[in-house]
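Note sheet for the following structure.
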Amino acid sequence: MSIDIFWRLPTHGEPASHRSKTPNRWDLFPGYEGQHPGDSATGYSYVDYLAEIAHAAEISGFQGGLIPSFPMTDEPWVISSVLARETKTFRFMIPFQPGFLHPVVAARMTASLQRATGGRALYNIITGGGGPQQLWWGDTVAHDDRYARTTEFLDVVRGIWRGGPFTLKGKFYDVKDAGLPDPLSREEFPEIYFSGSSDAALASASKHADFYLTWLEPFAQLKEKFSRVREKTAALGRRIKCAVRVDIVARATEEEAWEEIRRGFESLDRQTVENFTGGPQAGTESIGAKRQAANRPKTINSYKDLIIEPNVWSGFALLRGGQTQGLVGSYEQVAERLDQLVALGTDAFILASTPHLEEAYRVGEEVLPLVRGQHLSVNPERVPNPSRDGAHPAKPAGSPRDLAAAG
Amino acid sequence: MSNEYFWNLPSAGDGRYGNALSRRRGERLPNENPPIQSGVSDPRDDRFNYFDYLHQVARAAELSGFHGVHVDHDERGDESWIIAGYLARGTRRLKIIAEFSATWGSPVYAAKNAATFQRYTAGRFGWHLRPDEAEGRIAEFVQVAKGVLTTAPYSFKGRYFEVREGGFHGGLDHQPLPPVFLAGSDRAALEQSAKFADVHLHPVGSIQELKDRVTVLDQLAKEQGRVVRHAARLDLVARETEAEAQTVEATFLRQRLEASDPAVGTARVVGDYAQVARRLEAYQAVGVSTFILGAVPSLEEAYRVGAHVLPLLRGERSSAPSVSQPQTGASL
């Protein structure tokens with residue numbers, strides 16, 4: 001069994017390094033245009049930089065990339081269709097909330113995108129953190145109902161995918177004799193990465209998801225979460241794979257990697273750090289966000305206070321929004337941790353590091369070749385793969401001791 | 001008001017003959033034989049499809065002097081938003097108008113996607129919202145979309161949509177609004193356009209009917225303190241001689257019937273280049289200044305109309321001087 005490794009397109013801006021929070025790379029991030037002396041004259045926009053990253057990722061051997069969507073970012077459907085023609089193998093992982101788009105339109109857009117890209121579209125279905133932000137998007141449906149809607153949404157998309165006719169009079173959608181026309185109906189159904197940590201989310205994921213996607217959490221906690229997801233889906237007679245989003249800082253030596261983190265951390269003001277300490281999170285219905293916050297210490301005096309396991313740092317959200325936990329270490333260490341995550345049940349990764357362009361090459365050249373990726377827990381007596389293992393015979397990634405330590 | 005000319009991109013199919021909609025150039029449909037016999041190697045494999053062809057048509061429209069392309073909505077075809085994005089990078093100044101319905105989803109999401117389009121195309125994206133059976137939904141859709149694109153915080157509670165503390169920040173907030181095309185012939189449609197449309201697409205019947213509707217809409221828009229452009233969607237059969245054009249028209253009609261293609265219902269202008277130009281000028285004389293033109297096959301005809309008809313409308317001489325000019329459409 002081989003694992004899939006994705007990269008990320010930084011729709012939320014690109015600082016020049018982890019040490020800087022300002023999204024100033026090319027000064028083309030939304031809100032920063034015009035600050036660069038030449039940008040309006042060149043006719044280039046931020047998508048030109050995203051195109052560079054997509055090329056870097058496909059050249060470096062990544063499957064493709066997640067294209068995050070937040071209120072302040074550009075939208076992944078548009079980015080994907082715009083980049084379709086100038087990429088060859090890059091797979092576009094589109095995160096979206098079912099409430100934003102009618103399922104018939106979503107199916108049609110997806111099938112068209114499959115045709116435009118030769119089958120390179122996939123979903124990251126998000127059901128929403130809730131709170132005030134949900135109505136910013138114009139979505140009035142409550143948290144647990146949103147998961148029921150997600151299930152129904154995917155029922156419709158799947159129902160019409162092969163051409164139908166499909167009829168459903170549900171709680172949220174009402175479609176009659178719907179179906180994709182030929183040849184849209186001949187495209188591969190997109191793989192579904194599914195996010196959400198609540199019970200309602202797991203129930204919905206169990207029915208439709210190919211991959212259950214989570215942020216990085218402490219390894220033991222993650223292992224427990226994956227078994228729970230697998231149990232739930234097995235009860236429905238389905239199999240689900242598990243995927244993890246991991247921010248990484250990988251350098252030739254561990255010292256160098258931590259030095260990057262130290263400088264980033266020390267550039268933060270005191271208030272930002274204090275706001276980041278553990279405790280209840282107001283204004284979110286997201287269980288995942290609460291789980292992440294619960295792992296933070298009550299006081300933070302040094303970046304070292306945020307090291308929660310070897311090579312795991314829980315302060316990434318301080319350096320750039322989003323998830324908090326990521327891997328920091330030498331190339332070998334980061335590869336070993338990734339292999340440990342594989343051993344505890346991970347089938348796919350979405351990796352990211354700043355700046356995404358240079359780091360796509362770095363990680364592609366230095367880290368990916370060290371990752372064994374084979375699913376050790378499923379296949380303990382695996383046959384060595386000469387093409388993979390031969391490249392780095394002296395580096396037995398994921399030694400038995402480390403695996404035991406990972407729980 | 002200066003005239004603008006858009007070229008129509010058929011999202012469902014195109015081909016050389018009258019049954020164009022049953023074909024997808026660049027793509028072999030399952031019921032079609034291999035285009036090349038097995039004794040001859042075909043390096044294309046399945047690496048091309050209709051998207052590659054649409055890209056060529058858009059390029060043709062750009063090179064031939066059109067102001068933009070209109071990506072039509074056809075349930076049998078590909079989705080207009082994806083086609084629009086696909087064409088964005090291969091074109092430099094064409095406006096790209098996507099036709100879709102107000103049932104698309106959340107207007108906030110549509111507006112946000114439009115903002116990304118504008119950022120990535122320097123404001124070349126526009127909306128054509130097709131008529132909708134739900135009364136007032138288009139109006140709310142456009143209102144909310146414009147609201148979040150121009151105002152923050154923006155709140156709205158209507159019959160179909162609700163937003164609280166919405167509105168964009170950080171670069172998505174000062175993007176040009178997509179020009180909104182709405183259509184319809186009755187009084188309610190005209191009233192709606194007076195308030196919410198930038199361009200109103202009139203059905204094309206007699207010149208007099210058109211003139212009457214233009215007058216009504218102008219008055220209604222004036223009451224709103226607005227100006228709405230008038231548009232017409234026309235299919236052209238333009239040839240060097242009228243006789244040739246009539247022959248093509250008759251042949252296409254027969255082919256369409258044989259293929260039992262559903263009638264497209266688009267008004268057609270048939271004639272020699274000067275006649276076609278004069279007909280368009282007649283529409284201009286009663287107030288139409290935006291034209292969405294189309295013809296089969298879209299690629300060759302974009303060049304033909306761009307070379308022979310548009311120059312006449314700009315008051316230039318047609319760049320089609322000689323009878324010896326190759327006539328792609330004449331190979332019927």
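Side chains included, hydrogens not; waters and symmetry mates left out as well; all remaining heavy atoms used. In what follows, every chain begins at residue 1, and chains take the letters A, B, ... in the order their sequences are listed. From a predicted model like this one, the values you see are computed outputs, not experimental measurements.
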Work out which heavy atom in [X] is nearest to a heavy atom in [Y]; give both atom names and the distance.
{"X": "B:Y86", "Y": "B:F51", "value": "CE2-O, 3.3 Å"}
{"X": "A:P68", "Y": "A:P95", "value": "CA-CG, 3.9 Å"}
{"X": "B:R24", "Y": "B:G77", "value": "NH2-CA, 3.5 Å"}
{"X": "A:G196", "Y": "A:Y147", "value": "CA-OH, 3.6 Å"}
{"X": "A:A84", "Y": "A:T117", "value": "CB-CG2, 3.6 Å"}

Counting only non-hydrogen atoms closer than 4.5 Å, does [X] touch chain A with its backbone (N, CA, C, O), its side chain (CB onward), both, or neither?
{"X": "B:A122", "answer": "neither"}
{"X": "B:F161", "answer": "neither"}
{"X": "B:N49", "answer": "side chain"}
{"X": "B:E162", "answer": "both"}

Check your understanding: What is the ring orientation for A:H12 with A:F70, classed by angle as parallel under 30°, tilted 30 to 60°, or perpendicular over 60°?
Key ->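 Plane angle between 30° and 60°, so tilted.
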Check your understanding: Excluding sequence neighbours, so at least two apart, what forms side chain to side chain contact (heavy atoms under 4.5 Å, CB included) with A:A54?
Key -> A:L9, A:L83, A:T87, A:F90
Check your understanding: Any side-chain heavy-atom pair from B:Y50 and A:S112 closer than 4.5 angstrom?
Key -> no
Review point. Between B:D52 and A:R85, is there a side-chain N and carboxylate O pair less than 4.0 Å apart?
Key: yes
Check your understanding: Most heavy-atom pairs under 4.5 angstrom with chain B, which of A:V105, A:L50, A:V104?
Key -> A:V105
Exercise for review: List the steps, then state whether ring-ring contact (aromatic ring centres under 6.0 Å, His included) holds for B:W81 with B:F125.
Suggested key: CA-CA 10 Å; B:W81 283 70; B:F125 186 55; 5.2 Å; yes
**Study point:** Donor-acceptor pair, side chain of B:R124 and main chain of B:A88, under 3.5 angstrom
**Key:** yes
Distance-only side-chain donor-acceptor flag, [X] / [Y], under 3.5 Å:
{"X": "A:D74", "Y": "B:Y120", "result": "yes"}
{"X": "A:S204", "Y": "A:T150", "result": "no"}
{"X": "B:S11", "Y": "B:D78", "result": "no"}

Practice item. Enter the distance from A:T110:OG1 to A:L122:CG here, rounded to the nearest 0.5 Å. Key: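 Output value for this atom pair is 10.5 Å.
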Check your understanding: Considering heavy atoms only, which positions within residues 126-157 of chain B lie below 4.5 Å of chain A?
Key ->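 At a heavy-atom separation under 4.5 Å, chain A is reached by no residue of residues 126-157 of chain B.
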Review point. Using a heavy-atom distance cut-off of less than 4.5 Å, which residues of residues 91-111 of chain B contact chain A?
Key: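 When heavy atoms of chain A are the reference, residues 91-111 of chain B contributes B:T103, B:W104, B:G105, B:S106, B:V108, B:Y109 within the under-4.5 Å range.
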Practice item. Report the C-alpha distance between A:Q134 and A:D139 in whole Å, list the side-chain angles of each, state the deciding distance to 0.1 Å, and finish with yes or no for side chain to side chain donor-acceptor pair (under 3.5 Å). Key: CA-CA 5 Å; A:Q134 213 59 28; A:D139 188 2; 3.1 Å; yes
Check your understanding: Considering heavy atoms only, which positions within residues 170-191 of chain A lie below 4.5 Å of chain B?
Key -> A:P181, A:D182, A:P183, A:L184, A:R186
Exercise for review: Check whether A:A106 gets within reach of chain B through its side chain, its backbone, both or neither, counting any heavy atom under 4.5 Å.
Suggested key: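 For A:A106, neither part sits under 4.5 Å from chain B.
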